[in-house]
Amino acid sequence: MATPTLECFDNPHPARDYEILHVAPEFTSVCPKTGQPDFGTIEILYVADRRCVELKSLKFYLQSFRNTGVFYEDVVNRILDDLVAALSPRHMTVTGSFSPRGGMRTVVTARHAAPAKRVTRRGRP
């Protein structure tokens, strides 16, 4: 199955830093070793620059992992990479909190920070 496209829209307040938090409490994927389903919560926290992610496309994107064999560490970093590529946010953190398996609970956090914009002598980037 092809990965759904992450659709974006213009940030209505690009001059202001404000946080956007999306929580997907029903994330599922498949363990690549056992083939058993994995369940967890994915949290996406970001400060938008020029674009924000459209929620329906984000939902379909996350659902595309439902039958994908992928390790927790990989899926969290793939989600971060794909969202950064689509949005170019000022900051973004993706956290996956996965349900216990074999008595162990796993939380994976990946972060992105955009490089600081250079300021010219006149105070403009």
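As the structure is a prediction and not an experimental result, all values here were calculated from the model.
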Heavy atoms only: give me the nearest [X]-[Y] pair and the separation to one decimal.
| X | Y | answer |
| --- | --- | --- |
| Asp49 | Pro14 | O-CB, 3.7 Å |
| Ala110 | Asn77 | CB-OD1, 3.5 Å |
| Phe60 | Pro4 | O-CG, 3.4 Å |
| Pro12 | Cys52 | CD-SG, 4.5 Å |
| Ile20 | Ala48 | CD1-CB, 4.2 Å |
| Phe9 | Val53 | CE2-O, 3.5 Å |

For residues [X] and [Y], determine if any side-chain heavy atom of one lies less than 4.5 Å from a side-chain heavy atom of the other.
| X | Y | value |
| --- | --- | --- |
| Leu58 | Leu83 | yes |
| Phe98 | Ile42 | yes |
| Ile79 | Leu62 | yes |
| Val84 | Tyr46 | no |

Report the residues that fulfil side chain to side chain contact (heavy atoms under 4.5 Å, CB included) with [X], sequence neighbours left out, ordered by chain and then residue number.
| X | result |
| --- | --- |
| Pro25 | Val23, Thr41 |
| Leu45 | Glu19, Leu21 |
| Thr28 | Phe39, Arg66 |
| Val30 | none |

(request) Tell me, please, which residues at least two apart from Asp17 pass salt bridge (charged side-chain N to carboxylate O under 4.0 Å, His left out). (result) Arg90

(request) Just jot down the salt bridge (charged side-chain N to carboxylate O under 4.0 Å, His left out) partners of Arg50, sequence neighbours excluded, or say none. (result) none

(message) Checking Thr5 now: which residues fulfil side-chain hydrogen bond (donor to acceptor under 3.5 Å, both in side chains) with it, not counting sequence neighbours?
(response) none

Inter-residue atom distance [X].[atom1] - [Y].[atom2], 0.5 Å rounding:
| X | Y | atom1 | atom2 | answer |
| --- | --- | --- | --- | --- |
| Phe71 | Ser29 | CZ | OG | 11.0 Å |
| Asn11 | Arg16 | CG | CZ | 10.0 Å |
| His112 | His91 | NE2 | NE2 | 8.5 Å |
| Lys59 | Glu54 | NZ | CD | 9.5 Å |

(message) Could you check whether any side-chain N or O of Thr68 sits under 3.5 Å from a backbone N or O of Val70, counting only pairs where one atom can act as donor and the other as acceptor?
(response) no

Contact list for [range], test salt bridge (charged side-chain N to carboxylate O under 4.0 Å, His left out), sequence neighbours left out:
| range | value |
| --- | --- |
| residues 69-89 | Asp74-Arg78 |
| residues 93-116 | Asp38-Arg101 |
| residues 21-37 | none |

(request) Kindly assign one of parallel, tilted or perpendicular to the pair Tyr18 and His13, based on the angle between their ring planes and the thresholds 30° and 60°. (result) perpendicular

(request) On the 0 to 90° scale, with breaks at 30° and 60°, tag the Phe27-Phe65 ring pair as parallel, tilted or perpendicular. (result) tilted

(message) Starting from Met104 and following side-chain heavy-atom contacts under 4.5 Å between hydrophobic residues (I, L, V, M, F, W, Y), which residues can be reached?
(response) none

(message) Can you list, by chain and residue number, the hydrophobic cluster partners of Val107 when the side-chain cut-off is 4.5 Å?
(response) none

(message) Quick check: is Leu87 connected to Val47 through a chain of hydrophobic side chains (ILVMFWY, heavy atoms under 4.5 Å apart)?
(response) no

